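Take a look at the structure set out below.
Nothing here was measured: the structure is a model prediction, and the numbers come from that model. In what follows, every heavy atom counts, from backbone to side chain, and hydrogens, waters and symmetry copies are set aside. Numbers here simply count residues along the sequence, with the first being 1.
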Amino acid sequence: DSETYRVGRGEGVFETARRFGVDPTALARANGIGVNAPIAEGDEMVVPGRLPRMNALVSFVAADVGVDTRLLRAVAWAESNWHQDRVSPTGAVGVMQIEPFTGEWVSRHIAGTQLDIWRAQDNVVAGAMLLRHLMNKHEGDIAATLAGYYQGDASVATHGVYDDTRRYQREVQALI
């Protein structure tokens with residue numbers, strides 16, 4: 001199982017391998033290059049090994065965005081079992097199961113840049129930023145944060161916490 005990653009400025013095999021938690025030699029081999037091969041910004045690399053790769057990506061994003069790594073891992077697992085190719089019946093996308101309108105809201109109001117929720121890294125960034133926003137809004141209350149993430153704060157305010165939201169809260173908290 002593998003995924004394609006678009007290389008950023010100054011990144012090579014070693015930096016990309018560290019970002020995704022994969023062996024540099026395995027990464028180079030998967031791409032038919034040597035570990036010291038020059039790579040240009042924007043080049044695409046195949047990154048092997050979904051679970052180690054997602055674990056590394058989620059951990060990297062959690063540290064970068066400033067959310068608890070265990071919380072982000074647990075939400076990502078509860079939402080999709082760390083699968084970027086998941087789309088829910090309501091249209092929620094990716095690892096963090098971000099609804100397109102939520103992705104647009106996070107992009108505009110929190111990230112300050114357009115995030116592409118169809119790309120794993122942007123999807124995890126959007127989910128992490130939303131969790132950080134909700135944790136701040138709910139003053140660190142994990143249960144309220146999870147209800148807001150799963151059901152939506154407006155829905156919780158209007159209808160209270162649904163039974164399926166309570167199940168979700170228990171599931172995520174058991175994974176933390």
Next item on the list: Apply side-chain contact (heavy atoms from CB on, under 4.5 Å) to Glu44 and Val7, showing your working.
Entry: CA-CA 6 Å; Glu44 290 190 346; Val7 177; over 6 Å; no
Checklist line | Pair Asp122-Ile117, side-chain contact (heavy atoms from CB on, under 4.5 Å): steps then yes or no | finding: CA-CA 5 Å; Asp122 283 1; Ile117 62 171; 6.0 Å; no
Checklist line | Trace of the side-chain contact (heavy atoms from CB on, under 4.5 Å) decision for Val13 with Met45 | finding: CA-CA 9 Å; Val13 171; Met45 295 187 75; 4.1 Å; yes
Next item on the list: Just do the side-chain contact (heavy atoms from CB on, under 4.5 Å) check on Ile33 and Ile39 with the steps written out, would you?
Entry: CA-CA 10 Å; Ile33 59 175; Ile39 301 170; 4.1 Å; yes
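Of all non-hydrogen atoms in Val161 and Ala147, the two that sit nearest each other are CG2-CB, 4.3 Å. Heavy atoms only, all atoms of each residue included: Thr16 and Val47 are closest at CG2-CG2, 4.5 Å. When every heavy atom of Glu41 is checked against every heavy atom of Gly8, the shortest pair comes out as CG-C, 3.9 Å. The two residues Pro100 and Gly91 make their nearest non-hydrogen contact at CD-O, 3.3 Å. Considering all non-hydrogen atoms of both residues, Met96 and Ala76 come closest at SD-CB, 3.6 Å. Nearest approach of Gly94 to Ser80, heavy atoms of both residues: O-CB, 3.6 Å.
Considering Asn123, Val125, Ile98 as possible partners of Leu115, the one that fulfils the side-chain contact (heavy atoms from CB on, under 4.5 Å) test is Val125.
Distance OH/Tyr150 to OH/Tyr162: 11.0 Å, rounded to 0.5 Å. Rounding to the nearest 0.5 Å gives a distance of 4.0 Å between CH2 of Trp105 and CD1 of Ile110. Atoms CG and NE2, on Leu146 and His138 in that order, are 10.0 Å from each other to the nearest 0.5 Å. For the atom pair Arg166 CZ and Gln151 CD, the distance stands at 9.0 Å (nearest 0.5 Å). For the atom pair Ser107 OG and Met129 CE, the distance stands at 9.0 Å (nearest 0.5 Å). Taking OH of Tyr149 as the reference point, atom CD of Glu79 lies at 5.0 Å (rounded to 0.5 Å).
The hydrophobic clustering, which links ILVMFWY residues whose side-chain heavy atoms are closer than 4.5 Å, places Met54 and Val46 apart. The cluster map of Ile, Leu, Val, Met, Phe, Trp and Tyr, joined by side-chain heavy atoms under 4.5 Å apart, puts Met135 and Ile176 in the same cluster. No continuous path of hydrophobic side-chain contacts links Val156 to Val172 [ILVMFWY only; heavy atoms under 4.5 Å]. Hydrophobic cluster membership is shared by Leu175 and Ile142, with clusters built from Ile, Leu, Val, Met, Phe, Trp and Tyr side chains linked at under 4.5 angstrom.
If you check the side chains of Glu11 and Tyr5, you find a donor sitting under 3.5 Å from an acceptor.
With a 6.0 Å radius and a threshold of 12 heavy atoms from other residues, nucleotides or ligands, Glu139 has its CD atom at or below the threshold.
Taking the side chain as every heavy atom from C-beta outward, Arg86 and Val95 never approach each other to under 4.5 Å. No side-chain heavy atom of Phe14 sits under 4.5 Å from any side-chain heavy atom of Leu27. When side chains are defined from C-beta on, Val67 does not count as touching Val61, because their heavy atoms never get closer than 4.5 Å. Looking only at side-chain heavy atoms (C-beta outward), Asp85 and Trp118 stay at 4.5 Å or farther from each other. Within the 4.5 Å cutoff, the side chain of Gln97 has no heavy atoms near those of the Val75 side chain. Contact of the Gln121 side chain with the Arg19 side chain is registered, since non-hydrogen atoms from C-beta on lie closer than 4.5 Å.
Side-chain N or O atoms of Trp82 include one that pairs as donor or acceptor with a backbone N or O of Arg73 at under 3.5 Å.
A salt bridge links Lys137 with Asp153: the distance from a Lys NZ or Arg NE/NH1/NH2 to an Asp or Glu carboxylate oxygen falls below 4.0 Å.
Outside the 6.0 Å centre-distance limit, the rings of His83 and Trp77 are not counted as a close aromatic pair.
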